[in-house]
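Just so we're on the same page: letters track the sequence lines, and every chain starts at 1. From a predicted model like this one, the values you see are computed outputs, not experimental measurements.
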Amino acid sequence: MKTFEKIYEIVSGIPKGKVLTYGDIAITLGLSPRVVGYALHANKDSKNIPCHRVVFKDGSLATGYAFGGKDIQKKLLINEGVDFIGEKVDFKTSLFS
DNA sequence: CCGTTGACCAGGC
DNA sequence: GGCCTGGCCAACG
């Protein structure tokens with residue numbers, strides 16, 4: 001299993017209405033957070049891999065490189081039931097553990 | 001094969 | 001409390 005595949009495995013395993021942070025995934029796989037970000041950037045299976053459920057440790061979203069803008073991502077997450085505090089995800093209710 | 005490059009994160013200024 | 005810096009490690013050219 002390649003590094004990308006493992007990252008995709010975890011991301012695709014995030015249930016609806018929950019989110020994960022890049023750092024958490026990286027720690028789980030024993031990698032650097034940069035690798036996780038790179039993997040999601042190179043993500044080709046965007047339909048099967050909900051990369052919008054992956055956010056910063058702060059709760060904020062990736063700007064620019066994402067799929068059209070963070071506002072879109074925000075809408076998607078809210079649509080799935082994720083709570084937002086301003087421009088950040090509410091970890092108290094929506095963090096996947 | 002080696003240098004560059006990142007959807008990051010933590011610490012310092 | 002916002003901006004800059006360094007460090008981390010895999011993928012790309």
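- Pairing each heavy atom of A/Thr21 with each of A/Val54, the nearest pair is C-CG1, 4.2 Å.
- The shortest distance between the side-chain N/O atoms of A/Thr3 and the OP1/OP2 oxygens of C/dA11 is below 4.0 Å.
- Counting heavy atoms from C-beta outward, A/Thr93 and A/Val82 have side chains that stay 4.5 Å or more apart.
- In this structure, A/His41 places its NE2 atom 11 Å from P of C/dC12, rounding to the nearest Å.
- The side chain of A/Lys57 lies closest to B/dA10, out of B/dA7, B/dA10, C/dA10.
- Atoms CG (A/Leu40) and P (B/dC9) sit 11 Å apart, rounded to a whole Å.
- The side-chain heavy atoms of A/His52 and A/Lys74, taken from C-beta on, include no pair separated by under 4.5 Å.
- As rounded to whole Å, 17 Å separates atom C1' of B/dA7 from atom NZ of A/Lys88.
- The distance from atom CD1 of A/Ile7 to atom C1' of C/dC9 is 11 Å, rounded to the nearest whole Å.
- Rounded to whole angstrom, the span from the NZ atom of A/Lys6 across to the P atom of C/dC9 amounts to 14 Å.
- The nearest whole Å value for the distance from the CG atom in A/Leu29 to the P atom in C/dC8 is 19 Å.
- Under the side chain to side chain contact (heavy atoms under 4.5 Å, CB included) rule, A/Tyr22 has a single partner from A/Val36, A/Val55, A/Ile27, which is A/Val36.
- In this structure, CG of A/Leu31 is placed 12 Å from C1' of C/dA11, rounded to the nearest angstrom.
- Summarising the geometry, the separation between CG on A/Asp58 and P on C/dG1 is reported as 12 Å, rounded to the nearest angstrom.
- A/Phe4 and A/Tyr38 make their closest contact through CZ-CD2, 3.9 Å (heavy atoms, listed as atom of the first residue, atom of the second, distance).
- Nearest-nucleotide mapping onto DNA chain C: of A/Lys2 and A/Pro33, the residue sitting toward the 5' end is A/Pro33.
- Base pairing analysis places C/dC8 opposite nothing; no Watson-Crick or G-U wobble pair with both distances below 3.5 Å involves it.
- The nearest heavy atom of DNA chain C to A/Ser32 and to A/Tyr38 marks one nucleotide each, and the one closer to the 5' end goes with A/Ser32.
- Between A/Val35 and A/Asp24, it is A/Val35 whose nearest contact on DNA chain B lies nearer the 5' terminus.
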